[in-house]
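Have a look at the structure below, then the notes.
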Amino acid sequence: MKKILALALSFLCVVVGMCFVGCGKIEHNAVIIADEATYRTEWLDSNYVYGAYIEGAGYDEDSPESRTYIIKNQEELDEIFSEFPQTDFEKEMVVVYCYRTIYVRKQVLEKVVFDGNVLKIEFNVVRGKIGHADAAAPHRRTLAVKLDKLDITEAKIQYKGQ
């Protein structure tokens, strides 16, 4: 009887564990590329966003609130990055998003959904420690997501943070 109970309990643990692992999986093998990538300075200088502080020029009042780029070939990738992890554009693509924030916290993907020809990406940042000052003047920040190649015409990115 103890063996049957132990076996049943083990089976239950495996099933529940698989559910938690599967529930947290982001679709389309999407991952944020952060520390492995280096943006080209000239590209960054031409991709500010509204309200971001620009050193020596004040707050941007002319740019759009955000910018989204769908990168499907090496030439486009090379225009944006001087260094980027190896990407097989036969099977993969990259989405780059520029937005305004006051935080420099770790970015995390929450949801990636392919709906028709539209890719929807939701992300947030890891919360800081209570009482720990980690905010700054509004600045432009980028998000680079590498994922399976999809036949998309548009990418909608939602920053769920502050």
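We count residues from 1, following the sequence as given. The model shown is predicted, which means the values in this text are computed figures rather than measured ones.
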Run the salt bridge (charged side-chain N to carboxylate O under 4.0 Å, His left out) test against [X] and tell me which residues pass, sequence neighbours left out.
X      : answer
Glu122 : Lys160
Asp115 : Lys120
Lys106 : none

How about Glu61: does its CD atom have over 12 heavy atoms from other parts shown lying under 6.0 Å from it?
no
side-chain contact (heavy atoms from CB on, under 4.5 Å) partners of [X], counting only residues at least two apart:
X      : answer
Glu154 : Val118, Lys156
Ser82  : Thr38, Arg40
Ala136 : none

Give, for atom [atom1] of [X] and atom [atom2] of [Y], the distance between the pair rounded to the nearest 0.5 Å.
X      : Y      : atom1 : atom2 : answer
Asn73  : Met93  : CG    : CE    : 11.0 Å
Phe84  : Ile33  : CZ    : CD1   : 5.0 Å
Arg127 : Tyr103 : CZ    : OH    : 8.5 Å

Using the salt bridge (charged side-chain N to carboxylate O under 4.0 Å, His left out) rule, collect all pairs that involve residues 65-78, keeping only residues at least two apart or in two chains.
none
Can any side-chain N or O of His28 pair as donor or acceptor with the backbone N or O of Ile26 at less than 3.5 Å?
no
Should [X] and [Y] be counted in the same cluster of Ile, Leu, Val, Met, Phe, Trp and Tyr side chains packed under 4.5 Å apart?
X      : Y     : answer
Ile157 : Ile32 : yes
Val125 : Val96 : no
Val31  : Ile80 : yes

Taking only distance into account, with no hydrogens and no angle test, what donor-acceptor pairs under 3.5 Å do side-chain atoms of residues 48-57 form with protein atoms, sequence neighbours excluded?
none

Acceptor/donor pairs from residues 140-153 side chains to any protein atom, 3.5 angstrom cut, sequence neighbours excluded:
residue : atom : partner : partner atom : Å
Arg140  : NH1  : Leu44   : O            : 2.6
Arg141  : NH1  : Arg105  : O            : 2.7
Arg141  : NH2  : Arg105  : O            : 2.8
Thr142  : OG1  : Tyr39   : OH           : 3.1
Lys146  : NZ   : Gln86   : O            : 2.5
Asp148  : OD1  : Asn29   : ND2          : 3.1
Asp148  : OD2  : Asn29   : ND2          : 3.0
Lys149  : NZ   : Phe89   : O            : 3.2
Thr153  : OG1  : Asn117  : O            : 3.4

I'd like to check the side chain to side chain donor-acceptor pair (under 3.5 Å) partners of Glu92; sequence neighbours left out, ordered by chain and number.
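Counting only residues at least two positions away or on another chain, Glu92 forms no side chain to side chain donor-acceptor pair (under 3.5 Å).
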Looking at residues at least two apart in the chain, or sitting in another chain, which of them share a side chain to side chain donor-acceptor pair (under 3.5 Å) with Thr87?
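Here no residue qualifies.
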Would you please name every residue forming a ring-ring contact (aromatic ring centres under 6.0 Å, His included) with Tyr69, sequence neighbours left out?
Trp43
Work out which heavy atom in Val95 is nearest to a heavy atom in Ala155; give both atom names and the distance.
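Minimum heavy-atom contact is CG1-CB, 4.2 Å.
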Side chains of [X] and [Y]: closer than 4.5 Å at any heavy-atom pair?
X      : Y      : answer
Lys111 : Ile121 : no
Glu110 : Phe123 : no
Leu119 : Val112 : yes

Would you please classify the geometry between the Tyr97 ring and the Tyr99 ring as parallel, tilted or perpendicular, with 30° and 60° separating the classes?
parallel
